[in-house]
Amino acid sequence: MQRQYHIQFPQENTEHLKQNEAFFFLRTDDGEVRKIFFHDYQAIYNIPGLYEQLYYERLHCRSPEVVTELLHTVVQESREHFTELRVMDVGAGNGMMGEMLHRQGISRLIGIDILPEAFNALERDRPGLYDAYYIVDCCNLTQEEVHTLTSWACNCMTVVSAVGFDDIPPKAFIEAFNLLTSQGWIAFNIKETFLNEKDNSGFSTIVRKLLFSEYLEVHHFMRYRHRLSIEGQPLYYFAVVARKQSDVPLTFFTA
């Protein structure tokens, strides 16, 4: 039975905080109270089961399930076999998305993350889930890393709950995208406000450009409830399933 932790959300009004500024308090066995930010994944991954209890039990995160089901539906409607996908799960973390994909019986599954803590948590909680798992910085891939990753000939990329808020920079997203084979599938989610034209942050600008570019063919675009906020309010995201048409040149960032 998974251990349950004493998690307390702040009592003061936190609606003014951005999503990546939200935090909670964790009471340890010795009575100490730790303040942990929601996006301090290193700290969260180091505590067995805390990520699942926080995001999935308390805040009812649905994104891995929603994005996997949407990807499955779109691929099947395209008269292709979902089980033949060779998936590169970017920002794989401790394997929540990978677990959903694995249940669907995909052919190959590799994980990519920048945090060693993510890999350690995966090995602790879900050993053997991925065919391979790489700790790399997609903004600074070496030639050897590019060769290794492309050798898997992945024809699908998933990026779930890892875009925006500087979790995965725009350049890392594009560099990973370029590792896919031609006509490869891509499934990702993004907070709804990032698609607002008033948002001129790096990732928001890049995604809006990419969605309407010749490099991507969008097959499905859906708004859904990602999870609850700490105030109990729904946080809405968009799930996107699209098909790669060609690599994105570096000039895309400055054009």
Side-chain angles (χ1 to χ4, degrees), residues 63-64 67-68 70-71 74-75 78 80 82 84-93 97-98 101 106-115 118 130-191 194-195 201-222 237-255:
S63 285
V67 176
T68 298
L70 185 60
L71 175 63
V74 172
V75 171
S78 299
E80 298 182 21
F82 185 82
E84 294 180 0
L85 292 180
R86 301 181 301 279
V87 180
M88 176 173 58
D89 186 21
V90 180
M97 182 61 183
L101 292 164
I106 58 165
S107 175
R108 288 288 182 270
L109 177 62
I110 69 169
I112 295 177
D113 207 287
I114 196 172
L115 297 177
Y130 292 86
D131 294 292
Y133 195 105
Y134 300 97
I135 301 299
V136 296
D137 179 358
C138 286
C139 287
N140 297 285
L141 292 172
T142 65
Q143 289 186 346
E144 181 180 357
E145 288 169 341
V146 170
H147 175 75
T148 298
L149 293 170
T150 54
S151 69
W152 287 94
C154 289
N155 58 3
C156 180
M157 172 174 123
T158 57
V159 192
V160 174
S161 302
V163 295
F165 302 115
D166 296 324
D167 292 343
I168 293 184
K171 186 176 187 294
F173 184 89
I174 297 301
E175 293 287 1
F177 176 89
N178 286 345
L179 296 172
L180 280 182
T181 60
S182 178
Q183 296 297 305
W185 293 101
I186 175 169
F188 66 98
N189 66 344
I190 185 168
K191 186 173 171 60
F194 287 156
L195 297 185
S201 62
F203 198 90
S204 177
T205 303
I206 288 294
V207 168
R208 288 201 302 270
K209 287 177 61 178
L210 188 62
L211 288 175
F212 299 101
S213 73
E214 68 270 29
Y215 308 112
L216 200 67
E217 179 183 78
V218 176
H219 281 241
H220 204 104
F221 192 84
M222 183 181 77
Y237 275 45
F238 285 107
V240 181
V241 177
R243 198 155 208 169
K244 175 181 176 178
Q245 300 302 297
S246 63
D247 285 353
V248 177
L250 293 178
T251 53
F252 184 78
F253 290 96
T254 57

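Only heavy atoms go into these numbers, but all of them, side chains included; no hydrogens, no water, no symmetry mates. These numbers were taken from a predicted model, which means no experiment stands behind them.
Once rounded to the nearest 0.5 Å, the distance linking OG of Ser63 with CG of Leu70 reads 11.5 Å. In this structure, CG in Leu101 is found 6.0 Å from CG in Leu109, a value given to the nearest 0.5 Å. The CG atom of Asn189 sits 10.0 Å away from the CE atom of Met222 when rounded to the nearest 0.5 Å. The CD1 atom of Ile112 lies 11.5 Å from the CD atom of Glu175; values are rounded to the nearest 0.5 Å.
In plain terms, the two heavy atoms of Asp113 and Gly93 that are nearest each other are OD2-N, 2.8 Å. Shortest non-hydrogen contact noted between Phe173 and Ile186 is CZ-CD1, 3.8 Å. For the pair Thr148 and Ser151, the tightest heavy-atom approach, listed with the atom from each and the gap, is O-OG, 2.5 Å. Considering all non-hydrogen atoms of both residues, Cys154 and Leu180 come closest at O-CD2, 3.5 Å. Asn178 and Val248 get closest at one heavy-atom pair: OD1-N, 2.7 Å. Scanning both residues, Thr150 and Val146, for their nearest heavy atoms gives OG1-O, 2.7 Å.
No side-chain heavy atom of Phe188 sits under 4.5 Å from any side-chain heavy atom of Tyr237. At least one side-chain heavy atom of Leu210 sits less than 4.5 Å from a side-chain heavy atom of Ile174. Between Asn155 and Gln183 there is no side-chain heavy-atom pair separated by less than 4.5 Å.
Residues forming a side-chain hydrogen bond (donor to acceptor under 3.5 Å, both in side chains) with Tyr133 (at least two apart in sequence, or on another chain): none. Scored by the side-chain hydrogen bond (donor to acceptor under 3.5 Å, both in side chains) test, Asp131 finds no partners at all (sequence neighbours excluded). Contacts of Tyr130 classified as side-chain hydrogen bond (donor to acceptor under 3.5 Å, both in side chains), with partners at least two apart in sequence or in another chain: Asp89. Partners of Ser246 by side-chain contact (heavy atoms from CB on, under 4.5 Å), not counting sequence neighbours, listed by chain and number: Tyr215. By the side-chain contact (heavy atoms from CB on, under 4.5 Å) test, Thr142 pairs with Glu144, Glu145, sequence neighbours left out.
Ring orientation note: the planes of Phe221 and Phe238 are close to parallel, at an angle under 30° on the 30°/60° scale.
Every pair passing salt bridge (charged side-chain N to carboxylate O under 4.0 Å, His left out) that includes a residue from residues 240-250 is listed here, sequence neighbours excluded: Glu80-Arg243, Lys244-Asp247.
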